[in-house]
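Side chains included, hydrogens not; waters and symmetry mates left out as well; all remaining heavy atoms used.
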Amino acid sequence: MDFATITNIILCIMSFLLAVISVITVIATVKQNSKMIEGQSRAYVSIYGDFINCENISFYLIIKNFGKSNALITSLECDVDLKRFTYDENTVPFSHIKNTTIAPNQAFKCNLERISLFNSEISTINFEISYKCNNKIYSDTFCINLDTFKNIIRLRASTKNEELKIISYALQELDERLL
């Protein structure tokens, strides 16, 4: 074999290797982009506690979809019997949430009887939730530490008339939430 033939064979092998490396790089980049797009467009369902103060302080458990796609809730488990803390003894919070679609930014809220909940022996409420989005199943666990809410104090301005006091409290609550 002469020098030109050997050079052509080496160049062919190098071109083939560079093409294989390029294809592998493109495939890896496409997979990475696909994961990023999925992460940005999927549903993110969360469970948390919050309270509002409109004349009386109310404690809520909230299930909210913070993502950008619909989620179908496939299961929800709670380690506390929430029925003990509802205003209606025949109601179990979120007991019918299975097979419910939750849209982006949609939330389901449940008002719990705050005084009996915070005076109980319960310090945490643990949830396990599974939901389906774009044919994938996601599962998360959430721990709501009730002690976090026990010592939060929010002072409210008051007015002479009860109606104005309630409106004042509600407006202050909205103002604080916009911070």
**Student:** Checking R114 against F51: charged group under 6.0 Å from the ring centre and within 45 degrees of the axis?
**Tutor:** no
**Student:** So does N126 get a backbone contact from the side chain of D79, meaning a donor-acceptor N/O pair under 3.5 Å?
**Tutor:** yes
**Student:** Can any side-chain N or O of D81 pair as donor or acceptor with the backbone N or O of K83 at less than 3.5 Å?
**Tutor:** yes
**Student:** Side-chain donor-acceptor pairs under 3.5 Å in residues 96-104, sequence neighbours left out?
**Tutor:**
unit_1	atom_1	unit_2	atom_2	d
T100	OG1	I97	O	2.9

**Student:** Check this for me: F3, atom CZ, are more than 12 non-hydrogen atoms of other residues, nucleotides or ligands nearer than 6.0 Å?
**Tutor:**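 No - once you tally the heavy atoms of other residues, nucleotides and ligands closer than 6.0 Å, there are 12 at most.
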**Student:** Mark yes when over 12 heavy atoms from residues, nucleotides or ligands other than E128 sit less than 6.0 Å from its CD; otherwise mark no.
**Tutor:**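 Counting other residues, nucleotides and ligands, CD of E128 stays at 12 neighbours or fewer.
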**Student:** Give a yes or no on whether N135 atom CG has more than 12 heavy-atom contacts from other residues, nucleotides or ligands under 6.0 Å away.
**Tutor:** no
**Student:** Where does the angle between the aromatic ring planes of Y48 and F66 fall among parallel (under 30°), tilted (30 to 60°) and perpendicular (over 60°)?
**Tutor:** tilted
**Student:** Is the F59 to F85 ring centre distance short of 6.0 Å?
**Tutor:**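 Aromatic pair excluded; centres sit 6.0 Å or further apart.
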**Student:** Look only at the side chain of Q32 and the backbone of A28, and say whether a donor-acceptor pair between them is shorter than 3.5 Å.
**Tutor:** no
**Student:** Do side-chain atoms of T74 reach the backbone of S130 as a donor and acceptor pair under 3.5 angstrom?
**Tutor:** yes
**Student:** So, T5 versus N8: side-chain donor-acceptor pair below 3.5 Å or not?
**Tutor:** no
**Student:** Under the 3.5 angstrom rule, does the side chain of N111 hit a backbone N or O of Y60 as a donor-acceptor pair?
**Tutor:**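 Such a contact is absent between N111 side chain and Y60 backbone.
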